[in-house]
Amino acid sequence: MTINYRIMTAQDIPDIFSVDRMCFEHNWTLESYECELNNMLATYIVAEDNDQIIGFGGFWAIIDEAQITNIGVLESYRGRGVAQKILNEMIKLAGVKGCLAMTLEVRVDNKAAIALYEANGFEKAGVRKNYYDNKTDGLIMWRYQLE
Ligand SMILES: CC(C)(COP(=O)(O)OP(=O)(O)OC[C@H]1O[C@@H](n2cnc3c(N)ncnc32)[C@H](O)[C@@H]1OP(=O)(O)O)[C@@H](O)C(=O)NCCC(=O)NCCS
């Protein structure tokens, strides 16, 4: 299996939306992904297997800080290093865009995602109470150096 990693294009939006629906409880709309195409701050990486989008991740480069918006991999492709490679690409491109640090919010009960981020040098930095749907806390994580 060869998975290809590349920057998102307009043609990818329906597939990205479909992956979003299968990965996240609180989904973005199709329009919100279309808007990201024209968002000068945004960069999205897609992972594709034989022309099928099987995962994606994105971030906003805000001055010298990168904010991860989301990373999702289809369930049948999990545990094979796909998110790791997407994150590698995001960290590399954030550095190219002049970012010195990277941050994100993740549900406090999302063990897989927290493990992914901790394995990549992100540290727990705070909690936003009831951040998700007024029910689940959001864990703030930072990687203070990208190099
Ligand atoms: C979190 C998610 C993106 C991980 O994707 P993945 O492709 O399976 O992750 P990888 O195979 O690249 O794993 C890389 C590292 O992350 C950690 N990790 C990933 N899944 C894990 C799990 N279920 N349990 C523990 N650690 C896990 C491990 O450290 C792993 O490295 P290792 O395989 O050497 O142990 C995936 O589970 C997903 O899409 N979840 C739903 C969407 C979501 O919650 N996204 C994050 C919101 S910000």
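All ligand and atom numbering here is 1-based and tracks the order in the structure.
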Quiz item: G81 heavy atoms, cut-off 4.0 Å: which ligand 1 atoms fall inside?
Solution: 10 (P), 11 (O), 12 (O)
Exercise. Check whether any heavy atom of I71 sits under 4.0 Å from an atom of ligand 1.
Key: yes
Practice problem: Classify the contact between A112 and ligand 1 as side chain, backbone, both or neither, using a heavy-atom distance cut-off of under 4.0 Å. | Solution: both
Quiz item: So, for atom 18 (N) of ligand 1, does the protein have a heavy atom nearer than 4.0 Å?
Solution: yes
Quiz item: Mind checking whether Y77 has an N or O less than 3.5 Å away from an N or O of ligand 1?
Solution: no
Quiz item: Under 4.0 Å from atom 28 (C) of ligand 1, is there any protein heavy atom?
Solution: no
Practice problem: Report yes if some heavy atom in the side chain of V108 is under 4.5 Å from a heavy atom in the side chain of T136; otherwise report no. | Solution: yes
Quiz item: With a 4.5 Å heavy-atom cut-off, do T69 and Y44 have their side chains touching?
Solution: yes
Practice problem: With heavy atoms under 4.0 Å as the rule, classify the contact between I68 and ligand 1 as side chain, backbone, both or neither. | Solution: neither
Exercise. Indicate yes or no: does an N/O atom of N110 lie under 3.5 Å from an N/O atom of ligand 1?
Key: yes
Quiz item: Could any protein non-hydrogen atom be found less than 4.0 Å from atom 44 (O) of ligand 1?
Solution: yes
Exercise. Please say whether A119 places an N or O atom under 3.5 Å from an N or O atom belonging to ligand 1.
Key: no
Quiz item: Atoms of ligand 1 less than 4.0 Å from Y117 heavy atoms?
Solution: 48 (S)
Donor-acceptor contacts under 3.5 Å from residues 112-125 side chains, at least two apart:
residue, atom, partner, partner atom, Å
N120, OD1, Q84, NE2, 2.7
N120, ND2, Q84, OE1, 3.0
N120, ND2, L116, O, 2.7

Exercise. Examine the proximity of ligand 1 to F56 and report which part, side chain or backbone, both or neither, has a heavy atom under 4.0 Å away.
Key: neither
Quiz item: Heavy atom under 4.0 Å from ligand 1: found in R80's side chain, backbone, both, or neither?
Solution: backbone
Please tabulate, one pair per line, all N/O donor-acceptor pairs under 3.5 Å involving side-chain atoms of residues 89-105, not counting sequence neighbours.
residue, atom, partner, partner atom, Å
E89, OE1, K92, NZ, 3.4
E89, OE2, K92, NZ, 3.4
T103, OG1, M141, O, 2.8
T103, OG1, W142, NE1, 3.4
E105, OE1, Y131, OH, 3.0
E105, OE2, R128, NE, 3.2
E105, OE2, R128, NH2, 2.8

Exercise. With heavy atoms of L116 as the reference, note each atom of ligand 1 found under 4.0 Å away.
Key: 14 (C), 15 (C), 16 (O), 17 (C)
Exercise. Kindly identify the option in E105, R107, E25, R78 whose heavy atom sits closest to atom 37 (O) of ligand 1.
Key: R78
Quiz item: Which ligand 1 atoms, with their elements, are less than 4.0 angstrom from a heavy-atom of Q84?
Solution: 12 (O)
Quiz item: Can you check whether Y5 reaches F56 side chain to side chain, under 4.5 Å on heavy atoms?
Solution: no
Exercise. Could you tell me whether D109 and K135 have a side-chain N and a carboxylate O separated by less than 4.0 Å?
Key: no
Practice problem: Could you list the atoms of ligand 1 found under 4.0 angstrom from a heavy atom of G79? | Solution: 6 (P), 8 (O), 11 (O)
